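Quick note: residue numbers are just sequence positions, from 1. As the structure is a prediction and not an experimental result, all values here were calculated from the model.
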Amino acid sequence: QVQLVESGGGLVQAGDSLRLSCVATGRTLSTYAMVWFRQAPGKERESVGAISRSGGSRYYTDSVKGRFTISRDNAKNTVYLQMNSLKPEDTAVYYCAASTQYSIRGPDMNYWGKGTLVTVSS
């Protein structure tokens with residue numbers, strides 16, 4: 001059993017930066033690949049970025065490449081999403097998820113956090 005807790009969301013202006021954190025309890029984070037998803041009201045959930053168990057492989061969706069960075073600190077059981085140059089279209093609830101396989105598909109996730117809201121004003 002793994003519990004994931006996100007933090008770091010808030011209200012910011014376009015062009016600002018935020019760093020989201022996801023802390024895992026119940027089992028060592030190194031067991032899982034980690035994925036950040038986001039979902040805006042009325043829109044489909046989409047993957048934002050993923051990182052492999054050791055951190056050696058990373059994936060980003062095209063809309064955030066060059067602006068977002070995913071990283072992990074397995075010693076702290078924490079994964080991060082650094083978000084720079086935020087745009088209003090980045091507004092969404094951001095979710096942290098864990099998977100035993102390196103995947104960006106929602107059904108492949110074994111555990112989900114409850115989400116943290118990011119609102120970017122223009």
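Using modelled atom types, one side-chain atom of Glu6 and one backbone atom of Lys114 make a donor-acceptor pair closer than 3.5 Å. Side chain of Ser52 to backbone of Gly56: a donor-acceptor contact under 3.5 angstrom is found. A donor-acceptor pair under 3.5 Å is absent between the side-chain atoms of Ser47 and the main chain of Gly49, judged by distance alone. At least one donor-acceptor pair closer than 3.5 Å links the side chain of Asn77 to the backbone N or O of Ala24. Counting only distance, with no hydrogens or angles, the side chain of Thr78 and the backbone of Lys76 share a donor-acceptor pair below 3.5 Å. No donor-acceptor pair closer than 3.5 Å links the side chain of Tyr59 to the backbone N or O of Val35. Looking at Gln39, its side chain never comes within 3.5 Å of a backbone N or O of Glu44 through a donor-acceptor pair. A donor-acceptor pair under 3.5 Å is formed between the side chain of Arg72 and the backbone N or O of Leu29. Panel note: side chain Arg38, backbone Val48; no donor-acceptor pair is recorded below 3.5 Å. Using a distance-only test at 3.5 Å, with no hydrogens or angles considered, no donor-acceptor pair links the side chain of Ser85 to the main chain of Arg67.
In this structure, the side chains of Cys22 and Tyr80 stay at 4.5 Å or more apart for every pair of heavy atoms. Side-chain contact between Asp108 and Gln101: present, with at least one pair of heavy atoms (C-beta onward) separated by less than 4.5 Å. When side chains are defined from C-beta on, Tyr94 does not count as touching Leu117, because their heavy atoms never get closer than 4.5 Å. Here the side chains of Leu20 and Thr116 are in contact, with some heavy-atom distance below 4.5 Å. Side-chain contact between Leu18 and Leu86: present, with at least one pair of heavy atoms (C-beta onward) separated by less than 4.5 Å. In this structure, Val79 and Ile70 have side chains that are in contact, with non-hydrogen atoms separated by less than 4.5 Å. In this structure, Lys87 and Ser63 have side chains that are not in contact, with every pair of non-hydrogen atoms separated by 4.5 Å or more. In this structure, Ser17 and Gln82 have side chains that are in contact, with non-hydrogen atoms separated by less than 4.5 Å.
In terms of heavy-atom proximity, Ser99 sits nearest to Met109 at CB-CE, 3.7 Å. The nearest pair of heavy atoms linking Ala50 to Ile104 is CB-CG2, 3.9 Å. Taking each heavy atom of Pro88 and Ser122 in turn, the nearest pair found is CG-CB, 3.9 Å.
To the nearest 0.5 Å, the span separating OG on Ser30 from CG on Asp73 amounts to 11.5 Å. Here the OG1-CD distance, from Thr119 to Gln13, works out to 13.0 Å after rounding to the nearest 0.5 Å. From Thr91, atom OG1 reaches atom NZ of Lys43 across 9.5 Å, with rounding to the nearest 0.5 Å. Atoms CG and OG1, from Leu4 and Thr25 in turn, are 7.5 Å apart once rounded to the nearest 0.5 Å. To the nearest 0.5 Å, atoms CG (Leu11) and OG (Ser121) are separated by 5.5 Å. Residue Arg58 holds its CZ atom at 15.5 Å from CZ of Phe68, rounded to the nearest 0.5 Å.
Val118 and Met34 fall within the same hydrophobic cluster, where Ile, Leu, Val, Met, Phe, Trp and Tyr residues are linked whenever their side-chain heavy atoms come under 4.5 Å apart, directly or through other members. Tyr95 and Met83 sit in two unconnected hydrophobic clusters of ILVMFWY residues. Membership requires side-chain heavy atoms under 4.5 Å apart, directly or through other members. Connection of Val64 to Val12 is established within a shared hydrophobic cluster, with ILVMFWY side chains joined at heavy-atom distances below 4.5 Å, either directly or through further cluster members. Residue Leu81 is grouped with residue Tyr111 when hydrophobic side chains (ILVMFWY) are merged at heavy-atom distances under 4.5 angstrom, including chains of intermediate members.
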Residue pair Val2, Tyr32: steps toward the side chain to side chain contact (heavy atoms under 4.5 Å, CB included) verdict: CA-CA 10 Å; Val2 174; Tyr32 304 94; 3.5 Å; yes
Evaluation steps, ring pair (Phe, Tyr, Trp, His ring centres under 6.0 Å), between Phe37 and Trp112: CA-CA 10 Å; Phe37 293 84; Trp112 291 85; 4.8 Å; yes
